[in-house]
Number of protein chains: 2
Amino acid sequence: MSDQTTTSRRPVGRPRTKAAAGGTSELGARAEIVAVASRLFAAKGVSETTMAEIADGAGLQQSSLYYYFRSRDAILEEILGTVNRVPLEFVERLKLDGGPAAVRLHRLIRFDVAALSEFPFDINEVHRLASRQPEGFDLYWEERQRLNDEIEALVAEGVEGGEFLSVDSRLTAMTLLANDEAVQHWNRGRRRLANRAGPDAGDYTSAEIGLFLADLALRGLLARPARLDAVRRASLAREAGEAPESDI
Amino acid sequence: MSDQTTTSRRPVGRPRTKAAAGGTSELGARAEIVAVASRLFAAKGVSETTMAEIADGAGLQQSSLYYYFRSRDAILEEILGTVNRVPLEFVERLKLDGGPAAVRLHRLIRFDVAALSEFPFDINEVHRLASRQPEGFDLYWEERQRLNDEIEALVAEGVEGGEFLSVDSRLTAMTLLANDEAVQHWNRGRRRLANRAGPDAGDYTSAEIGLFLADLALRGLLARPARLDAVRRASLAREAGEAPESDI
DNA sequence: GTCGATTTCGAATTACCATTGAAAGGACTC
DNA sequence: GAGTCCTTTCAATGGTAATTCGAAATCGAC
């Protein structure tokens, strides 16, 4: 297809009549389109984003998009194809790292909130669109279910190991994941509710929100809530690259 | 405008050529349109719902919708005008009922989840649409902010009264409300993740989910988690019309 | 039967948007 | 210089959807 030669000063092909809105990227047209589409999908919603807008953002005319992508949905599928990979890879990393289920769950929630704040679209909308045309979204659903199952397994491990109260681990997983997603919605966009008053008061960072959420959830799950401080410390230490606390 | 005379057998005006999809309602065309639009907005998203579909559902031709509503957005505004009223009224009721902040919060979460399961649209989408055209949505945003503030005040009351841990009440309010909203999304629609396996295993009811969520949240907030059972009992007793438990 | 009010239809308009296909404009090779 | 390849533009098509507007079809009053 279209690969730029890395030795050329200017790409082969007819010259563009306008630059990309964010400056011409070195990534090539295809990646530019994906990046612009991601941003627009997130800001305006998938349904309300037009091909003309995507083209504009990428510094192309609308029809050029079809040289790289079969259709509008193909762009969405491309984006969807990578979305679950990030959290699933983090889950794999948690398995390698080991440690108590509570610490791992705490870390996962914080990670998830941070990742979702960078999410290229409103997940509710995507799910709705995907439900109506299943072709092309199979991988997305499969990975999404796996992510859900992993969290469920993690909660179940905590329950069985006596770290957590005897909760329904499936419902817990659903709730936690849903909360991560919802919080990303409120922490984004033009109108921010429930954030600090005033334009200069600053808003909650996604790290703050993630930590708050992880604490609240863990406090609600721990068989011994008094362990929360130790769990939080171990969780934060992991991300700072320190050695994990022992015997919590 | 259009008011049906209550004494007439059949409404004045040209007869319809088809019945409303859900049977002809006694409410009149305007209310029918609102009801159908609400259902479709919820099922398909606001952006993806067409005027033709709404008309079809109401047993009218498309252009008839404009006799009753100025535009598509006017239908949405009509629906939005009532949405926050239900939870806000419940909040008022909580104030009248009194009782510990923990019990009131528990009841509110359960109520909110139940109400949101009947919500006539995906709230994320509406917020996105409303952000892009502020005219007509002022009341909605005002009420939405009030609801948020009320929950924040309730949490703050619990914190000050020593019922809850010293949490950021604003961030807590945002989190709880967001979670209610997100859970409604997963408890609706065609593809249900993280629900019980199998087609006959049954899914979580919104009451189950609401109770779970209320318990999890309160367990995470209570200064003395051991009080949760009593809080739950008092919360459930309220809804069953029994006298509230005293001295919890 | 006529008239006014109400409700609805049907046809049309307008705008928008996804997509197609031919042609243009450059680099590179022979 | 011609031809090939790649990339992009331009013009157009076809379809869809929101909205407009004139007229039809009914009821009720007189």
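Computed from a prediction, not measured in an experiment: that's the story for all the values here. Chain identifiers are assigned alphabetically (A, B, ...) following the order of the sequence lines, protein sequences preceding nucleic acid strands; residue numbering begins at 1 within each chain.
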J.: Tell me every residue that passes side chain to side chain donor-acceptor pair (under 3.5 Å) with B/Ser47, counting only those two or more places apart in sequence or in another chain.
T.: A/Glu48, B/Glu125

J.: Without decimals, in angstroms, what is the distance between A/Leu40 CG and C/dC17 P?
T.: 13 Å

J.: Can you sort out the partners of B/Glu92 under salt bridge (Lys or Arg N to Asp or Glu O under 4.0 Å), two or more places apart, ordered by chain and number?
T.: B/Lys95

J.: Once you round it to whole Å, what is the distance between P of C/dC9 and CG of B/Asp56?
T.: 11 Å

J.: Can you list everything that forms a ring pair (Phe, Tyr, Trp, His ring centres under 6.0 Å) with B/Phe69? Sequence neighbours excluded, please.
T.: none

J.: D/dT16 P sits how many Å from B/Glu48 CD, rounded?
T.: 14 Å

J.: Among all residues two or more places apart in sequence or in another chain, which pass the salt bridge (Lys or Arg N to Asp or Glu O under 4.0 Å) test with A/Glu143?
T.: none

J.: Output the rounded distance in Å from NZ (B/Lys44) to P (D/dT16).
T.: 14 Å

J.: Rounded to the nearest Å, what distance is computed from the OH atom of residue B/Tyr68 to the P atom of nucleotide C/dT6?
T.: 11 Å

J.: Going by the rule ring pair (Phe, Tyr, Trp, His ring centres under 6.0 Å), which residues pair with B/Phe90 if we only count those two or more places apart in sequence or in a different chain?
T.: B/Phe111

J.: Scan nucleotides 20-25 of chain D nucleotide by nucleotide, 5' to 3', and note B when protein non-hydrogen atoms come under 4.0 Å of the base, S if they reach only the sugar-phosphate, - if neither.
T.: BB--BB

J.: Under the rule for side chain to side chain donor-acceptor pair (under 3.5 Å), what residues qualify as partners of B/Ser71, not counting sequence neighbours?
T.: none

J.: Under 3.5 Å, is there a donor-acceptor pair between the B/Gln61 and B/Ser64 side chains?
T.: no

J.: Starting from P on D/dT19, measure out to CG on B/Leu60 and report it in whole angstrom.
T.: 16 Å

J.: How do A/Ser47 and A/Ser64 order along DNA chain C: which one's closest nucleotide is nearer the 5' end?
T.: A/Ser47

J.: Would you kindly say whether B/Gln145 and B/Asp149 are connected by a side-chain donor-acceptor distance under 3.5 Å?
T.: yes

J.: Choosing from C/dG10, D/dA17, D/dT9, which nucleotide comes nearest the side chain of B/Gln61?
T.: C/dG10

J.: In whole Å, what is the span from the CZ atom of A/Arg16 to the C1' atom of D/dC6?
T.: 13 Å

J.: N/O contacts under 3.5 Å, protein versus nucleotides 2-4 of chain C?
T.:
none

J.: How long is the line joining CZ of B/Arg30 and C1' of C/dT6, in whole Å?
T.: 16 Å

J.: Mind checking salt bridge (Lys or Arg N to Asp or Glu O under 4.0 Å) for B/Arg110 and listing every partner two or more places apart, or none if nothing turns up?
T.: B/Glu239

J.: Taking the nucleotide of DNA chain D with the nearest heavy atom to each, does A/Leu65 or B/Ala52 sit closer to the 5' end?
T.: A/Leu65

